[in-house]
Amino acid sequence: MGFVSTILGFCGFGVGISFGLVIGYYLFIYFQPCDVKDPVIRPLVERDTKSLQQILSEIPLWIKCPDYDRVDWLNKFLEYMWPYLDKAICRTAKDIAAPIIAEQIPKYKIDSVEFETLTLGSLPPTFQGMKVYVTDEKELIMEPSLKWAANPNVTVAVKAFGLKATVQVVDLQVFAAPRITLKPLVPSFPCFAKILVSLMEKPHVDFGLKLLGADLMSIPGLYRFVQETIKDQVANMYLWPKTLEVQILDPSKAMKKPVGILHVKILRAMKLRKKDLMGGSDPYVKVKLTESKLPSKKTTVKHKNLNPEWDEEFNMVVKDPETQALELSVYDWEQIGKHDKMGMNVIPLKDLTPDESKTMTLDLLKNMDSNDTQNDKDRGQIMVELTYKPFKEDQIPKEFEESDAVQKVPEGTPPGGGVLMITVHEAQDVEGKHHTNPYVRIIFKGEEKKTKQVKKNRDPRWGEDFTFVLEEPPVNDRLHLEVVSTSTRIGLLHPKEVLGYIDISLSDVVNNKRINEKYHLIDSKNGRLQVELQWRTAS
């Protein structure tokens, strides 16, 4: 009997302990105190130093830090848009999660994983302030302070081995300080090519997780473990300088930067039609790339010649060989009046093999309309030689618009022609004695180019690009830029004045491939001019 009593005692003890733990757990989970009172709200002036220090972390950053801006307009926008954003975000989340779940559940012998309910709740996130950084690069850097105390209802049903379990996420809190960088800024909508997101500190994440109706986060020790695990995992992936990169546009296509040089050689034309009354023609050729704002290039005029030979060469900057085309137009020169068009043709650049010369004989057409019967008439032919030379990949930074680092020219690169790219960004603190309507004159090797004029502005922004095609690196040349103001009134005594100028040695640009600096203007009190220079060589 003693042995049996001992066994029963142990069993009773074990059952009692287990039963007590289960009852205690459910009492702990579901017990709600009934004597909870609302906190007393008092003005800040009535609080002591200790209580003020306790609430200091809750004060918005735009109050504590002068470099943070108040963004109530953004919070108001989110408040009105949140019901629609909630549905859109949840629908997108389901669409993204569905194929991932379908791929993963067979590995764990799970029958199905479904969202029974998915809503982010009625409370939108709020921005406590936002700091914006200004740099000389084509980028926008923002650091918002985000706080989100949400009331979501996310219920996931998991079915496996004939059983069903539901997991519910409730009472979500997220405090984060992200850095959002939009770069490079481009002239194509939405005006930036990539979004880069980093966290400047470990985020605070708190939520309730219910399984079979019980809040698992109430289990002692589990809450802190889950919270620290989430912080560490998120920090390992996105804590600065690590970033989450989302590409919006192809930077090379959005920026439309030069990617190569097209060498065009106009050889000759044959059997041109007579245009003059005396039975001859005075032909010349206009050469232009489509989708280019640069003016057409022209050959010399061959007087009274229906089979002219030119053998003249032109170099043209290519920005998109997949969509651009070379347009050739033959005109009859007239001393008085309009020049008559004798014919034309177009050559898509995608038909050219890089680094290979191609000689082509083209029929001259009235226009490029294939249904126009007048194109059947014989207008003569033109012969050209084309060579498309793309830029060397090893000499160009792959993401030169995004990189702050200066990349050196590879050793052993032979000297050769290339393109000098000039971007006039902006000027600051320029002021004339009589008027301030600034524009920039660029003078290089006797050639002059100008930006547009900005009226009545001491801090004008241009963002205009200019290119010079050169036969050799400009290691011994200097670039002259001057900020000029002209009067918009007729009869003023001082119609034009120079607000300042700079001379830039191009040897550093050739060696470093890219320079982006603000230069102090000579003959100006405080004026500065930001100019970006790049040197690209052809293969």
Glu322 and Lys350: CA distance, side-chain angles, deciding distance, salt bridge (Lys or Arg N to Asp or Glu O under 4.0 Å) verdict: CA-CA 5 Å; Glu322 292 298 317; Lys350 63 182 180 181; over 6 Å; no
Would you confirm whether Ser505, through its side chain, and Arg478, through its main-chain N or O, come within 3.5 Å as a donor-acceptor pair? no
Does the cation-pi check pass for Arg179 over Tyr133, that is, NZ or CZ under 6.0 Å from the six-membered ring centre and within 45° of its axis? yes
Are [X] and [Y] linked by a side-chain donor-acceptor pair shorter than 3.5 Å?
X	Y	value
Glu356	Thr387	no
Thr92	Asp95	no
Glu532	Gln534	yes
His435	Ser485	yes
Thr486	Asn437	no

If you look only at distance, which donor and acceptor atoms sit under 3.5 Å apart when one is on a side chain in residues 71-81 and the other is two or more places apart or in another chain?
residue	atom	partner	partner atom	Å
Asp72	OD2	Arg70	NE	2.5
Asp72	OD2	Arg70	NH2	2.9
Asn75	OD1	Phe127	N	2.7
Asn75	ND2	Phe127	O	3.0

What's the shortest heavy-atom distance between Ser198 and Thr243, and which atoms? OG-CG2, 2.8 Å
Lys358 with Glu385: basic N within carboxylate O range, under 4.0 Å: no
Mutual orientation of the aromatic rings belonging to Tyr331 and Tyr284 [parallel < 30°, tilted 30-60°, perpendicular > 60°]: parallel
List for me each residue that meets side-chain contact (heavy atoms from CB on, under 4.5 Å) alongside Arg528, sequence neighbours excluded, and say none if there are none. Gln428, Lys518, His520
